[in-house]
There are 2 protein chains.
Amino acid sequence: MTEQAVFRALSDPTRREIIGLLAQKPLSVNEISSHFDMTRPAVAKHLKILQSGDIISVKAIGRERINHLEPLALKSVADWLSYFSHFWDTKLAKLKSTIENQPKPENTP
Amino acid sequence: MTEQAVFRALSDPTRREIIGLLAQKPLSVNEISSHFDMTRPAVAKHLKILQSGDIISVKAIGRERINHLEPLALKSVADWLSYFSHFWDTKLAKLKSTIENQPKPENTP
DNA sequence: TATATAAGAAACTAAATGGTTTCATGTCAA
DNA sequence: TTGACATGAAACCATTTAGTTTCTTATATA
């Protein structure tokens, strides 16, 4: 939802790991839980926090709830960071603005 | 220090605002505190957390402690995000990896 | 239909977090 | 040298966080 909700969601290592898992493919709550050394309700709470940041969406299939990564939510963090990126990567920042101001980039062979 | 320390430091809106201030110029503890509706010790605690993530460095000048932004620390977050950036910006991600994987131009035969 | 499975919900707990107030220490300047 | 100022440090507090256990509900399936 808000930028704060995304930053907050990313502040926990378990949640970042869940994001990494869901980047591979959508997973049910049980499938996600099996990757961690904690109970299913604990994982479910993390999923709820990820939902509140719109980082994942949930689709009910029968009795399972399939969690999908919504990567666009992470872009707000990337946008915040881009304000500082020129400090460490002037070259890339310049390229970025060049690309974004171009109507159509040429193909790399 | 660790990636976790950086993510943790960014999870608080006050700390992100401090980062924004220090991106303009280095500031003393009092100067930073004057921007917020909380006591100086509270701000000092935030500064300590930012230090623990190596996001700021402190130089003592007389009785003042001048806080400097260390933007390179933010790069670890950018790097983590770049793993997902292809979801929203395939074009830029490709260019980025192209650039970063290039050897030094002068050594190219 | 009976049973097993997937998940949500509630109540509880320990520890971390974000804030406060008060006090101590070092440095500048009249 | 004395007093004001910048900061650190400690003790304390309320709330949030991350986890647990237990119970309930809904759906698959033998």
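First the proteins, then the strands, lettered A, B, ... as listed; each starts at 1. Computation of the quantities below employed the complete heavy-atom set of this structure, encompassing side-chain atoms and omitting hydrogens, waters and symmetry-equivalent molecules.
- Taking CG from A:Leu47 and CD1 from A:Ile18, the interatomic distance works out to 5.0 Å, rounded to the nearest 0.5 Å.
- For B:Arg15, the side-chain atoms get nearest to C:dG18 when compared with the rest of C:dG19, C:dG8, C:dG18.
- When rounded to the nearest whole Å, the span between NZ of A:Lys45 and P of C:dA9 equals 12 Å.
- With hydrogens and angles ignored, the 3.5 Å screen pairs a side-chain donor or acceptor of B:Arg15 with a backbone N or O of B:Arg8.
- Closest approach to the A:Met38 side chain among D:dG8, D:dG19, C:dA9 is made by D:dG19 (side chain taken as heavy atoms from C-beta onward).
- Remark: A:Leu10 CG to A:Arg16 CZ distance equals 7.5 Å, nearest 0.5 Å.
- Once rounded to the nearest 0.5 Å, the distance linking CG of B:Asn30 with CZ of B:Arg63 reads 10.0 Å.
- Atom CD1 in B:Ile66 sits 6.0 Å away from atom CD1 in B:Ile61 (nearest 0.5 Å).
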Pick out the pairs of N or O atoms, protein on one side and nucleotides 2-6 of chain D on the other, that lie under 3.5 Å.
from, atom 1, to, atom 2, distance (Å)
D:dC5, O2, B:Arg63, NH1, 3.2
D:dA6, OP2, B:Asn30, ND2, 3.4
D:dA6, O5', B:Asn30, ND2, 3.3

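- Residue contacts for B:Ile32: at a heavy-atom cut-off of 4.0 Å it reaches no nucleic acid atom on any strand shown.
- At D:dT17, none of the side-chain N or O atoms of A:His46 fall inside 4.0 Å of OP1 or OP2 (strictly under the cut-off).
- Summary of the strand contacts: A:Asp37 and A:Ile61 both lie near DNA chain D, and taking for each the nucleotide with the nearest heavy atom, the more 5' one is attributed to A:Asp37.
- Residue order along DNA chain C, read from the 5' end via each residue's closest nucleotide, puts B:Ile49 first among B:Ile49 and B:Pro41.
- At D:dT20, one or more side-chain N or O atoms of A:Thr39 fall inside 4.0 Å of OP1 or OP2 (strictly under the cut-off).
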